[in-house]
Amino acid sequence: MKMGVLGSGIVAQGLSARLAELGHNVVIGTRDSEKLRGWQSSNQKVLIGSFAETAAHGAIVINATNGAGSLSALTIAGEENLADKILIDVSNPLDFSNGFPPSLTVFGNDSLAEQIQRAFPMTKVVKTLNTVTARVMTHPLEVANGDHHVFVSANDPDAKAQVIELLRTFGWLHIFDLGDLSTARGAEAYVMLWVRLYGTLNTSMVNIKVIK
Ligand SMILES: NC(=O)c1ccc[n+]([C@@H]2O[C@H](COP(=O)([O-])OP(=O)(O)OC[C@H]3O[C@@H](n4cnc5c(N)ncnc54)[C@H](OP(=O)(O)O)[C@@H]3O)[C@@H](O)[C@H]2O)c1
């Protein structure tokens with residue numbers, strides 16, 4: 001499948017590499033292609049594009065841009081290039097302006113995922129993977145042999161089902177359907193706990209399992 005990954009950071013790089021490894025046709029998007037030249041030399045199956053080229057390429061597009069810049073990045077990507085497509089949103093609305101730990105730029109009765117959905121009503125936003133570190137997103141079996149959960153929130157059931165299938169190809173065994181996109185408020189706010197777990201455990205290779 002044609003996949004467009006918006007972002008040049010560790011998350012976009014990891015997702016792009018994994019998608020290419022799984023046989024997808026991947027373009028990774030940035031405002032500054034020079035940033036990715038070194039990485040691409042060892043990931044030659046992935047092409048580099050602008051945000052707009054990347055969004056236009058993808059049948060599915062992934063938002064792996066900084067949360068504080070995501071609305072801006074998606075605006076540059078272009079509403080027309082995102083219309084009628086699934087947008088997998090893995091971003092977190094983190095504010096590091098006061099150092100570590102960060103705070104949230106949006107929380108309570110709203111979420112970044114919902115802000116994106118309101119700004120791009122023709123796009124099917126699916127929130128997922130934001131609750132784990134980049135490596136675990138694409139290699140979940142490396143933590144407890146996959147015995148832990150990832151969450152999915154979306155308004156469109158078909159889009160959600162397609163993303164769940166994609167997550168399974170990454171190796172995810174336990175995929176928790178939280179419900180509509182408003183449930184991303186919880187998944188985004190959870191990251192405040194995740195950063196504390198990271199600070200205490202001294203590893204980012206950590207996740208949670210839901211039991212009842
Ligand atoms: N790091 C993790 O393990 C992890 C885990 C879970 C979720 N996340 C979330 O995943 C996202 C990506 O994280 P990351 O650590 O890979 O990278 P990052 O440093 O948070 O984001 C880098 C990307 O954001 C874009 N960007 C930053 N400010 C922008 C602005 N004002 N306008 C447009 N684009 C802007 C950059 O564009 P250019 O390429 O053009 O510079 C770059 O592509 C973040 O939302 C993060 O919270 C990260």
Side-chain angles (χ1 to χ4, degrees), residues 1-93 112-113 115-117 119-130 132-140 150 152 154 156 158-172 181 184:
M1 185 179 283
K2 286 186 169 184
M3 305 290 299
V5 183
L6 299 168
S8 59
I10 190 169
V11 173
Q13 291 177 11
L15 286 166
S16 296
R18 185 77 164 124
L19 288 166
E21 181 184 271
L22 291 170
H24 296 283
N25 176 346
V26 186
V27 173
I28 186 170
T30 175
R31 294 166 298 178
D32 177 9
S33 57
E34 287 310 308
K35 277 187 183 175
L36 286 166
R37 291 280 173 233
W39 174 82
Q40 197 211 20
S41 62
S42 48
N43 292 273
Q44 292 182 359
K45 285 185 181 165
V46 179
L47 300 181
I48 303 174
S50 66
F51 281 155
E53 289 166 342
T54 301
H57 170 83
I60 292 180
V61 181
I62 299 180
N63 174 36
T65 63
N66 188 276
S70 286
L71 285 168
S72 164
L74 292 165
T75 301
I76 298 168
E79 190 171 5
E80 68 284 6
N81 293 324
L82 295 166
D84 301 322
K85 294 181 181 176
I86 294 172
L87 178 71
I88 302 175
D89 176 32
V90 307
S91 69
N92 278 313
L112 179 55
Q115 290 182 341
I116 292 170
Q117 184 65 83
F120 299 90
M122 301 300 290
T123 301
K124 299 163 202 164
V125 178
V126 181
K127 188 91 197 187
T128 191
L129 293 175
N130 65 301
V132 292
T133 197
R135 180 72 188 175
V136 178
M137 289 183 187
T138 53
H139 297 80
V150 68
V152 183
D156 186 299
D158 292 336
K160 191 191 287 179
Q162 280 192 61
V163 173
I164 287 172
E165 279 312 303
L166 182 67
L167 292 173
R168 290 201 195 289
T169 67
F170 287 171
W172 280 98
L181 202 58

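The first residue in the sequence is number 1, and the count goes up from there.
Residues Ser70 and Gln115 fail the side-chain proximity criterion, which asks for heavy atoms closer than 4.5 Å. No side-chain heavy atom of Asn63 sits less than 4.5 Å from a side-chain heavy atom of Val90. Two residues are said to be in side-chain contact when any heavy atoms from C-beta on lie closer than 4.5 Å; Leu112 and Ser91 meet this criterion. Within the 4.5 Å cutoff, the side chain of Val27 has no heavy atoms near those of the Ile48 side chain. Residues Leu129 and Val136 fail the side-chain proximity criterion, which asks for heavy atoms closer than 4.5 Å. For the pair Ile28 and Trp39, the minimum side-chain heavy-atom distance is below 4.5 Å. Annotation: side chain of Val126 is not in contact with side chain of Leu87 (no heavy-atom distance under 4.5 Å). The side-chain heavy atoms of Ile116 and Thr123, taken from C-beta on, include no pair separated by under 4.5 Å.
In this structure, Leu71 and Ala119 approach most closely via the heavy-atom pair CD2-CB, 3.9 Å. The two residues Met1 and Ala59 have their closest heavy-atom pair at CG-CB, 4.1 Å. In plain terms, the two heavy atoms of Val11 and Ala64 that are nearest each other are CG1-CB, 3.9 Å. Nearest heavy atom pair, residue Gly14 against residue Thr138, reads O-CG2, 3.8 Å. Summarising the geometry of Leu166 relative to Thr169, their closest heavy-atom pair is O-OG1, 2.5 Å, with the distance given to 0.1 Å. Of all heavy-atom pairs between Pro140 and Gly171, the closest is CG-C, 3.5 Å.
In this structure, the separation between CG on Asp84 and CE on Met122 is 4.5 Å, given to the nearest 0.5 Å. With values rounded to the nearest 0.5 angstrom, Lys45 atom NZ is found 8.5 Å from Glu21 atom CD. For the atom pair CG (Leu74) and CZ (Phe51), the distance works out to 8.5 Å, reported to the nearest 0.5 Å. Between atom CZ of residue Arg31 and atom OG of residue Ser33 there is a gap of 12.5 Å, rounded to the nearest 0.5 Å.
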Please report the C-alpha distance between Met3 and Ser16 in whole Å, then the side-chain angles of each, then the deciding distance to 0.1 Å, and finally whether the side chain to side chain contact (heavy atoms under 4.5 Å, CB included) criterion is met. CA-CA 8 Å; Met3 305 290 299; Ser16 296; over 6 Å; no

Applying side chain to side chain contact (heavy atoms under 4.5 Å, CB included) to Lys160 and Asp156, what does each step give before you reach the verdict? CA-CA 6 Å; Lys160 191 191 287 179; Asp156 186 299; over 6 Å; no

Applying side chain to side chain contact (heavy atoms under 4.5 Å, CB included), run through Leu181 and Lys127 and close with a yes or a no. CA-CA 7 Å; Leu181 202 58; Lys127 188 91 197 187; 4.2 Å; yes

Please test Phe170 against Arg18 for side chain to side chain contact (heavy atoms under 4.5 Å, CB included), starting from the C-alpha separation and ending with a verdict. CA-CA 8 Å; Phe170 287 171; Arg18 185 77 164 124; 3.9 Å; yes

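A side-chain donor-acceptor contact under 3.5 Å links Gln13 to the backbone of Ser8. For Glu53 (side chain) and Ser50 (main-chain N/O), a donor-acceptor pair under 3.5 Å exists by modelled atom type. Distance alone, capped at 3.5 Å, places no donor-acceptor pair between the Lys2 side chain and the Val26 backbone. Side-chain atoms of Thr133 never come within 3.5 Å of backbone atoms of Arg135 as a donor-acceptor pair (strictly under, hydrogens ignored). At distances below 3.5 Å, at least one donor-acceptor pair connects side-chain atoms of Asn92 with backbone N or O atoms of Asn130. Side-chain atoms of Asn43 never come within 3.5 Å of backbone atoms of Val46 as a donor-acceptor pair (strictly under, hydrogens ignored). Within the 3.5 Å criterion, the main-chain N or O of Arg37 finds no donor-acceptor partner in the side chain of Glu34. Judged by distance alone, with hydrogens and angles left aside, the side-chain atoms of Trp172 form a donor-acceptor pair with the main-chain N or O of Met137 at under 3.5 Å. Listed for the His57 side chain is no donor-acceptor partner under 3.5 Å among the backbone atoms of Leu47.
Counted within 6.0 Å of CG on Leu22, heavy atoms from surrounding residues, nucleotides or ligands total more than 12; the atom is thus considered enclosed.
Screening Lys124, Gln162, His24 against Ile60 for a side-chain contact (heavy atoms from CB on, under 4.5 Å) leaves a single residue, Gln162. Paired with Leu6 under the rule side-chain contact (heavy atoms from CB on, under 4.5 Å), one option of Ile76, Thr54, Asp89, Ile62 passes, and it is Thr54.
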